[in-house]
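For reference, the structure discussed in these notes is given below.
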Amino acid sequence: MMDSPRTAVSNPPIQPMDSNLGERDLIRRSATASLPKPERQLTPVAKLIDVSKCIGCKACQSACIEWNDTHPAVGENVGVYTNPHDLSENMFTLMRFTEWVNPETDNLEWLIRKDGCMHCSDPGCLKACPAPGAIVQYSNGIVDFVHENCIGCGYCVKGCPFNIPRISKTDRRAYKCTLCSDRVAVGQGPACAKACPTQAIVFGTKEDMKKHADERIADLKSRGYANAGLYDPPGVGGTHVMYVLHHNDKPHIYADLPDQPKISAVVQSWKGVTKYAGLAVMGLAAAGSILHGILGKPNRVTDEDEEGAEKLTSNPSATDPGADGHRPEERV
Amino acid sequence: MKAERVQPGDAIHPGNPITVNRYGPAARANHWITAVSLILLALSGLALFHPSLFFLTGLFGGGQNTRAWHPYIGVVLFVSFFIFFAQLWRANLPTRTDVQWLSHAKDIIGGHDEKLPEVGKYNAGQKFIFWAMAGLILLLIVTGVIIWDQYFGAATAVQTKRYAVLIHSICAVLIICVFILHVYAGIWTRGTIRAMTRGTVTGGWAYRHHRKWLRDLAGRGRQTPAE
Ligand code: HEM
Ligand code: SF4
Ligand code: SF4
Ligand code: SF4
């Protein structure tokens with residue numbers, strides 16, 4: 001059997017089969033220091049979204065809701081096609097519509113980008129997560145949330161450079177696109193890719209997807225999109241969801257897709273130096289106190305002190321006022 | 001403004017040994033609430049701070065509960081500490097004597113109180129702990145509310161939350177160190193803990209560590225008649 005499906009369009013195998021993605025395929029596990037190296041390496045997979053072929057039908061959104069059995073509330077029309085208005089625990093992918101006037105041609109271009117988890121090779125969500133095993137990464141590149149381990153802290157939201165995870169208001173656990181890991185595990189491609197009528201969404205090995213993207217980019221260039229290119233941002237080590245963009249020189253025009261995404265330096269220092277320095281400082285403070293307690297002599301009240309108190313209280317004015325005893329304390 | 005040297009309720013009781021009232025029952029109860037909530041916050045916060053401490057979530061009934069309870073306990077800490085603050089801040093204003101006292105660092109650490117200048121109700125070390133706690137608790141509540149996603153998730157941008165969680169964890173480390181110092185100083189200076197349990201200290205303790213306070217109390221006639 002092949003270790004990962006090569007396409008989303010083929011029909012599923014009909015014979016029962018075991019899941020091909022498990023604990024033994026993990027290459028990263030949140031808040032876990034020592035993870036055994038997996039014995040095998042799965043072929044890296046990727047979903048490729050060709051923005052230039054998308055017609056904005058939202059079949060992918062429907063397929064995603066259907067497969068994941070989520071229940072987004074009935075929306076409200078506010079005059080834009082983007083619906084619902086944002087990703088949510090019930091909507092793992094969202095078509096974001098942008099009306100953009102190309103300054104070179106003065107044409108109105110209707111940009112439609114399928115937003116959702118990018119399945120980063122260096123996932124900021126996983127780096128930030130404090131709960132062991134709540135976020136995992138498989139050797140085929142899929143980054144998945146394991147809800148029973150999630151504590152709902154929202155750190156993944158802060159770690160993600162693409163603003164993807166959402167915390168459920170009902171069960172307080174984090175949700176996002178799974179890259180249909182439960183389908184990929186049994187030889188099927190993602191539901192959204194399977195549903196896409198124009199094959200703007202395709203799925204396969206990361207290598208195949210890059211080749212396919214090259215063909216699409218050559219085609220777009222021949223049709224005047226000189227800046228067409230592949231969005232596979234190196235700042236996060238590349239992604240397992242990639243875009244073909246007709247204006248790859250300015251990703252931000254596609255509903256604020258980051259030009260150069262990377263894990264925020266604030267998050268890096270929070271999860272890096274703060275932890276090591278913090279543990280060291282607290283450990284030293286605790287150890288220092290204990291050592292001083294064992295080795296040092298406690299500061300005890302003596303009999304002379306009690307006698308002094310006796311004298312002082314029986315006749316306060318008669319005792320020596322000390323260094324500057326009667327001078328009122330002034331503020332410095 | 002002058003630092004307050006004697007506080008309402010402080011009084012000397014003759015006896016053997018002499019005892020001196022330092023904290024009334026309400027102040028002590030409140031201080032215990034502050035102390036317990038700070039310990040619970042440190043434990044629940046540290047559970048999320050580093051994977052090696054995640055096991056601490058077991059004390060609170062799992063990760064979800066730890067995450068959910070921590071900020072509520074934070075609000076309790078904030079309220080109880082600032083009630084305490086309102087009562088004590090005047091007595092904790094810095095004075096000239098504090099500078100002289102601090103210049104005897106060696107005698108402080110060596111426990112040679114007889115070589116130190118006389119101080120009022122609080123010495124410079126206690127004042128430092130008081131103001132450090134006040135500042136850190138303020139920073140912790142502000143940053144803690146920003147990252148309290150359950151209620152305030154929509155109120156700020158992700159970048160703001162990133163800074164908030166970074167500052168929160170640094171302040172947490174600092175306040176835990178200040179707390180260790182505070183508790184240790186209380187234990188090392190024998191006879192201090194009873195101020196928090198019984199509310200009184202012995203005359204000898206007051207004479208040794210806060211003689212100016214004792215002198216002021218005696219001078220102002222804040223004494224109950226001998227029985
Ligand atoms: C004063 C009010 C406080 C509030 C409102 C507050 C709130 C929060 C919140 C919302 C979190 C994120 C996790 C969660 O949702 O439970 C958190 C984390 C944390 N808190 Fe607090 N907190 C407060 C005080 C404290 C104090 C006094 C300490 C230390 C003794 C502390 C230590 C921590 C630590 C260590 C973390 C984990 C930070 C990390 O993961 O790096 N907090 N706090
Ligand atoms: S919300 Fe869940 S998945 Fe996200 S960081 Fe917290 S524990 Fe991890
Ligand atoms: S896009 Fe965000 S949620 Fe998805 S893998 Fe990257 S960091 Fe994690
Ligand atoms: S890969 Fe699956 S979970 Fe992700 S957007 Fe497509 S259908 Fe939804």
Side-chain angles (χ1 to χ4, degrees), chain A residues 30-33 130-132 149-155 157-158 160 163 167 172-173 264 266-267 269-270 274-275 277-279 281-282 285-286 289 292-293 296-310 312-314 316-317 319 321-326 328-332, chain B residues 1-3 5 12 14 17-18 48-52 54 57 63-64 66-68 93-99 111 113 117-118 120 147 149-150 153 158-159 161-163 165-166 169-170 173 176-177 180-181 184 187-191 202-208 211-212 214-215 218-219 223:
Chain A
S30 57
T32 305
N149 294 336
C150 171
I151 64 167
C153 62
Y155 288 5
V157 180
K158 298 160 188 70
C160 174
N163 188 16
I167 312 294
R172 308 297 316 172
R173 283 161 214 271
S264 158
V266 183
V267 173
S269 41
W270 164 44
T274 308
K275 306 276 134 145
L279 286 180
V281 170
M282 288 186 289
S289 305
H292 190 263
K297 191 158 93 311
N299 189 338
R300 277 187 217 284
V301 176
T302 60
D303 291 342
E304 292 87 82
D305 291 326
E306 297 293 359
E307 280 161 29
E310 202 64 61
L312 190 150
T313 51
S314 56
S317 50
T319 50
D324 60 349
H326 281 315
E329 287 185 274
E330 302 285 346
R331 209 151 117 66
V332 183
Chain B
M1 195 186 308
K2 263 199 237 163
R5 281 155 56 172
I12 301 169
I18 298 169
L48 306 195
F49 182 75
H50 195 270
S52 63
F54 191 79
T57 54
Q64 281 274 345
T66 307
R67 184 269 307 152
L93 290 173
T95 62
R96 261 185 234 295
T97 321
D98 294 334
V99 182
D113 286 52
E118 286 189 13
I147 55 172
D149 289 354
Q150 188 162 356
V158 174
Q159 188 65 8
K161 292 195 191 49
R162 289 180 184 140
Y163 280 109
V165 75
L166 173 66
S169 55
I170 295 172
V173 167
I176 289 168
C177 291
I180 292 173
L181 186 68
Y184 183 70
I187 295 172
W188 179 66
T189 313
R190 296 291 196 272
T202 65
W205 185 93
Y207 183 83
R208 181 174 178 85
R211 196 172 303 167
K212 199 180 284 180
L214 185 68
R215 194 186 297 285
Q223 285 202 47

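Computed over heavy atoms, backbone and side chain alike; hydrogens, waters and symmetry mates excluded. Not measured: the values here are computed from a predicted model. Lettering follows sequence order; numbering is per chain, from 1.
- Closest approach of A:Gly154 and B:Asp149 over heavy atoms only: CA-OD2, 3.7 Å.
- B:Gln159 touches chain A through its side chain: at least one heavy atom from C-beta onward sits under 4.5 Å away, while N, CA, C and O do not.
- Note on B:Thr189, B:Val165, B:Asp113, B:Thr202: by heavy-atom pairs under 4.5 Å with chain A, the leading option is B:Val165.
- Side chain of B:Tyr184 to backbone of A:Ala286: no donor-acceptor contact under 3.5 angstrom is found.
- The parts of A:Ser289 that come within reach of chain B are both its backbone and its side chain, each placing non-hydrogen atoms under 4.5 angstrom from that chain.
- Residue contact with chain A, scored on non-hydrogen atoms closer than 4.5 Å, involves the backbone and the side chain of B:Leu48 alike.
- Ranked by heavy-atom pairs under 4.5 Å with chain B, the first of A:Ile167, A:Leu279, A:Val267 is A:Leu279.
- For B:Leu214, the parts lying near chain A are the backbone and the side chain together; criterion is any non-hydrogen pair under 4.5 Å.
- Between atom CD of residue A:Glu304 and atom OH of residue B:Tyr207 there is a gap of 10.0 Å, rounded to the nearest 0.5 Å.
- Of the possible donor and acceptor atoms, none in the side chain of A:Glu306 sits under 3.5 Å from a partner among the backbone N and O of B:Pro17.
- Checking side-chain atoms of A:Arg172 against main-chain N and O of B:Arg67 turns up no donor-acceptor pair under 3.5 Å.
- Both the backbone and the side chain of A:Glu310 come within contact range of chain B, each with at least one heavy atom under 4.5 Å from a heavy atom of that chain.
- With B:Arg162 contributing its side chain and A:Lys158 its backbone, the two residues share a donor-acceptor pair below 3.5 Å.
- Here the CD1 atom belonging to B:Ile18 is positioned 7.5 Å from the OG atom belonging to A:Ser314, to the nearest 0.5 angstrom.
- Atom OH of B:Tyr163 and atom OG of A:Ser264 lie 6.5 Å apart (nearest 0.5 Å).
- Of all heavy-atom pairs between A:Pro130 and B:Phe54, the closest is O-CD1, 3.4 Å.
- Annotation for A:Ala31 and B:Pro51: closest pair O-CB, 3.5 Å, computed over non-hydrogen atoms.
- Chain B forms the most heavy-atom pairs under 4.5 Å with one residue out of A:Val301, A:Thr302, A:Val281, A:Val157, and that residue is A:Val301.
- The line from CG of A:Asn299 to CZ of B:Arg190 is 9.0 Å long, rounded to the nearest 0.5 Å.
- Side-chain contact check for B:Leu166 versus A:Thr274: some heavy-atom pair is nearer than 4.5 Å.
- Taken from CZ in B:Phe49 to CH2 in A:Trp270, the straight-line distance is 10.5 Å, to the nearest 0.5 Å.
- For A:Ser269, the parts sitting under 4.5 Å from any heavy atom of chain B are the backbone and the side chain alike.
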